[in-house]
Amino acid sequence: MGRFYVTTPIYYVNDVPHLGHAYCTVNADAIARWHRGLGDETLFLTGTDEHGTKVAESAESHGVTPAEWTDRTSARFQEAWRSLNVSNDDFIRTTEDRHYATVRTFLKRIYDNGYIVKDTYKGLYCVSCEDYYTTESLEAGLCPVHRRAVVEMEEDNYFFRLSAFEDRLIEWYESQPDAIRPAAKRKEALSFIRGGLKDVSITRTSLSWGVPVPWDEEHVFYVWYDALINYLTAIGYGSDDERVAEWWPHVHHLIGKEIIRFHCVWWPAMCMAAGIDPPASIFVHGWLLVGGHKLSKSMAGEEDSPVKLTEISPASLTEDFGVDAVRYHLLRDTPLGTDGEFSIEGLTSRYNSDLANNLGNLVARVATVVGSKCGGIGPAPAADSPLVAASEEAVAGALAAWEKFAPHEALEATWRLIGAANAELEATAPWKAEPGTVDDVLGSALEVVRIVALLISAAMPATADEIWHRIGLSGSPADELLPDAAQWGGYPGGLVVTKGDPLFPRRK
RNA sequence: GGGGUCGUAGCUCAGUGGUCAGAGCAGGGGACUCAUAAUCCCUCGGUCGUGGGUUCGAUCCCCACCGGCCCUACCA
């Protein structure tokens with residue numbers, strides 16, 4: 001038992017919550033729940049990123065203040081996570097006072113340490129965009145958005161001396177080979193560092209929607225520069241050193257592959273510059289992709305247009321399939337670290353085979369036979385059941401898999417146990433036997449069901465609770481301590497087993 | 001242009017320098033009937049992107065090429 005601090009990126013409020021956000025958040029949630037089950041003191045953080053030009057513009061175009069706008073848009077994320085049964089302990093918004101305080105303290109320390117300097121930023125500026133462009137991003141020498149000429153401009157900005165950390169970052173990468181996973185992503189970030197680092201401008205004078213620079217109130221920090229610091233805000237950096245000392249060594253950032261540079265290069269350097277350790281662990285996940293015309297028409301909008309992942313709302317899926325089915329699919333289908341293909345057909349197929357046919361049907365058939373052969377009272381398991389080995393393998397497999405951020409493997413291991421239980425029922429056919437001769441096999445089947453409930457609780461909390469109650473247990477599998485509770489023999493017997501409606505009715 | 005990554009059975013994906021390259025789903029056959037027409041057993045199915053090279057031997061190592069995707073510094 002220890003501590004476990006897991007974070008998602010804070011999502012930019014100008015997006016609507018989509019399936020890509022849900023993928024990351026549900027994975028973080030399941031991992032957090034698993035660690036709570038292990039007895040770890042767990043802190044699970046998510047939130048919204050609310051500064052920057054785009055937010056200020058959106059607010060203006062809707063005729064509201066940025067504060068009103070972000071209140072509205074941030075709420076959509078909080079609702080989305082509630083509806084997916086996400087158990088975050090905290091929800092941080094970068095517009096909160098606590099975040100302003102931490103950002104100013106943290107960056108002031110970097111400034112005092114000499115790693116933030118004032119310099120002139122020169123670049124090609126589009127007056128309409130109020131933004132700079134690199135030569136490469138221009139189209140025919142014109143601003144790609146407004147198709148107008150850009151002008152040479154210069155602005156006094158504060159720069160973070162990222163270049164000063166090249167060697168220290170490489171040293172850190174070499175001394176902490178597991179800090180960034182998977183290895184391929186670590187390699188990518190390391191190559192970037194080895195390619196040479198330039199200083200980065202971290203302040204703006206062209207807008208006011210940001211955190212004011214404490215030593216020069218004319219400037220606000222560039223949005224990424226305040227966003228990353230949220231991970232420290234949430235544990236009280238600047239106001240509660242003891243809390244930071246407790247949690248920071250146990251942080252695990254779960255991020256998407258498109259923001260590697262900020263998290264794996266800038267962020268560790270910022271930490272070093274402020275005099276704290278870089279984050280202990282960063283896990284980079286891939287993307288969910290949608291390959292063309294695979295989604296059902298009702299979701300596609302236009303009849304023949306390809307659907308983007310960002311157009312799929314988690315709410316539409318949970319209404320259709322149920323919360324736990326969507327959670328299961330997100331966790332089971334695409335391993336963290338690689339890209340995966342998402343489709344309604346895939347979700348439906350997995351729902352039917354894994355949830356309806358295997359898990360749901362197992363629970364149903366066991367309950368029925370206990371009803372007919374044991375008067376509805378579940379017997380205790382046999383100590384020498386052939387299912388003991390399968391059960392131990394599943395528990396060991398799940399433990400190892402969650403530990404390495406591989407929810408899909410944990411669920412695979414669990415489903416092998418479900419398969420073994422179904423096969424054992426075929427082999428012993430207790431429905432044909434005389435009452436009184438089948439207590440061992442049915443008790444063992446119930447024990448498998450109990451252990452499965454424990455193992456899926458992090459992924460499908462509501463389903464796990466329901467199964468738990470159907471086999472007569474009280475409380476919740478989430479309150480049991482793993483892995484001890486999943487040891488063979490925990491089902492006491494003598495409990496009322498109820499059948500109930502199908503957990504996952506088959507779909508067409 | 002540079003960096004990274006992926007390209008393996010119909011589909012989604014594992015995998016290893018060396019016996020016949022694996023899983024789940026889908027397909028085919030059989031068994032069973034407790035169960036959500038579920039389950040269980042058996043089975044069909046692959047020139048491991050293309051072309052070279054290293055090696056006694058490569059799907060796995062190296063090079064080139066083709067195709068997909070991410071990043072390329074101030075964009076969330």
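In what follows, chains carry the letters A, B, and so on, assigned in the order in which the sequence lines appear, proteins first and then strands, with residues in each chain numbered from 1. Scope of the values below: all heavy atoms of this structure, side chains included, with no hydrogens, waters or symmetry mates. Every value quoted in this text rests on a predicted model; they were computed, and no experiment measured them.
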Is the distance from OP1 or OP2 of B:U72 to the nearest side-chain N or O of A:Arg261 less than 4.0 Å?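 For B:U72, OP1/OP2 do have a side-chain N/O of A:Arg261 under 4.0 Å.
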
Under 3.5 Å side-chain donor-acceptor pair for [X] and [Y]:
X: A:Tyr231; Y: A:His263; value: yes
X: A:His99; Y: A:Thr94; value: no
X: A:His219; Y: A:Asn157; value: no
X: A:Glu258; Y: A:Trp287; value: yes

Rounded to the nearest Å, what distance is computed from the [atom1] atom of residue [X] to the [atom2] atom of nucleotide [N]?
X: A:His285; N: B:C69; atom1: NE2; atom2: P; value: 18 Å
X: A:Glu345; N: B:U12; atom1: CD; atom2: C1'; value: 12 Å
X: A:Glu412; N: B:G24; atom1: CD; atom2: C1'; value: 8 Å
X: A:Arg416; N: B:C25; atom1: CZ; atom2: P; value: 13 Å
X: A:Leu162; N: B:U72; atom1: CG; atom2: P; value: 14 Å
X: A:Arg181; N: B:U5; atom1: CZ; atom2: C1'; value: 19 Å
X: A:Leu347; N: B:G24; atom1: CG; atom2: P; value: 21 Å
X: A:Trp209; N: B:C75; atom1: CH2; atom2: P; value: 19 Å

Using atom [atom1] of each nucleotide, how far apart are [N] and [M] to the nearest Å?
N: B:G27; M: B:U72; atom1: C1'; result: 46 Å
N: B:C44; M: B:G28; atom1: P; result: 15 Å
N: B:C62; M: B:G17; atom1: C1'; result: 13 Å
N: B:A14; M: B:U59; atom1: C1'; result: 13 Å
N: B:A9; M: B:G22; atom1: P; result: 14 Å
N: B:G45; M: B:G24; atom1: C1'; result: 15 Å
N: B:C66; M: B:A26; atom1: P; result: 39 Å
N: B:C63; M: B:G46; atom1: C1'; result: 26 Å

Any non-hydrogen side-chain atom of A:Arg204 less than 4.5 Å from a side-chain atom of A:Phe221?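 No; the side chains remain at least 4.5 Å from each other.
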
Quick one: label [X] by what it contacts on the DNA or RNA (base, sugar-phosphate, nothing), any heavy atom closer than 4.0 Å.
X: A:Gly196; result: base
X: A:Gly371; result: nothing
X: A:Phe262; result: base
X: A:Phe221; result: nothing
X: A:Lys257; result: sugar-phosphate
X: A:Val223; result: sugar-phosphate
X: A:Asp354; result: nothing

Determine, for A:Trp431 and A:Lys373, whether the Lys NZ or Arg CZ falls below 6.0 Å from the six-membered ring centre while staying within 45 degrees of the axis.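 Judged by the rule, A:Lys373 and A:Trp431 form no cation-pi pair.
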
Cation over ring, A:Arg507 on A:Phe321, under 6.0 Å and within 45°?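 Yes, A:Arg507 sits over the ring of A:Phe321.
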
If every non-hydrogen atom of A:Pro182 is compared with every non-hydrogen atom of A:Val284, which pair is closest and at what distance?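 Here A:Pro182 and A:Val284 meet closest at CD-O, 3.3 Å.
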
Which atom pair, heavy atoms only, marks the closest approach of A:Arg161 to A:Phe165?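 Closest heavy-atom pair between A:Arg161 and A:Phe165: O-CD1, 3.4 Å.
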
Using 30° and 60° as the class boundaries, would you call the ring planes of [X] and [Y] parallel, tilted or perpendicular?
X: A:Phe160; Y: A:Tyr225; value: tilted
X: A:Tyr328; Y: A:Trp415; value: tilted
X: A:Trp267; Y: A:His253; value: tilted

Would you kindly compare A:Gly52 and A:Phe192 by the position of their nearest RNA chain B nucleotide and give the one closer to the 5′ end?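 The answer here is A:Phe192.
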
RNA chain B: 5'-proximal contact among A:Asp333 and A:Trp266 (nearest heavy atom):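 Whichever sits nearer the 5' end wins; that is A:Asp333.
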
Of the nucleotides [options], which one has an atom closest to the side chain of [X]?
X: A:Ser191; options: B:G3, B:C70, B:C25; value: B:G3
X: A:Thr338; options: B:A14, B:A73, B:C75; value: B:A14
X: A:Trp287; options: B:C70, B:G4, B:C75; value: B:C70

Taking a pair as Watson-Crick (N1 to N3 plus N6-O4 or O6-N4) or G-U wobble (N1-O2 and O6-N3), both under 3.5 Å, which stems of 3 or more consecutive pairs involve RNA chain B?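 Output for stems: B:1-7 with B:66-72, B:10-13 with B:22-25, B:27-31 with B:39-43, B:49-53 with B:61-65.
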
Strictly under 4.0 angstrom, non-hydrogen atoms only: write out the protein contact profile of nucleotides 27-37 of chain B, one letter per nucleotide from the 5' end, B, S or -. ------SBBB-

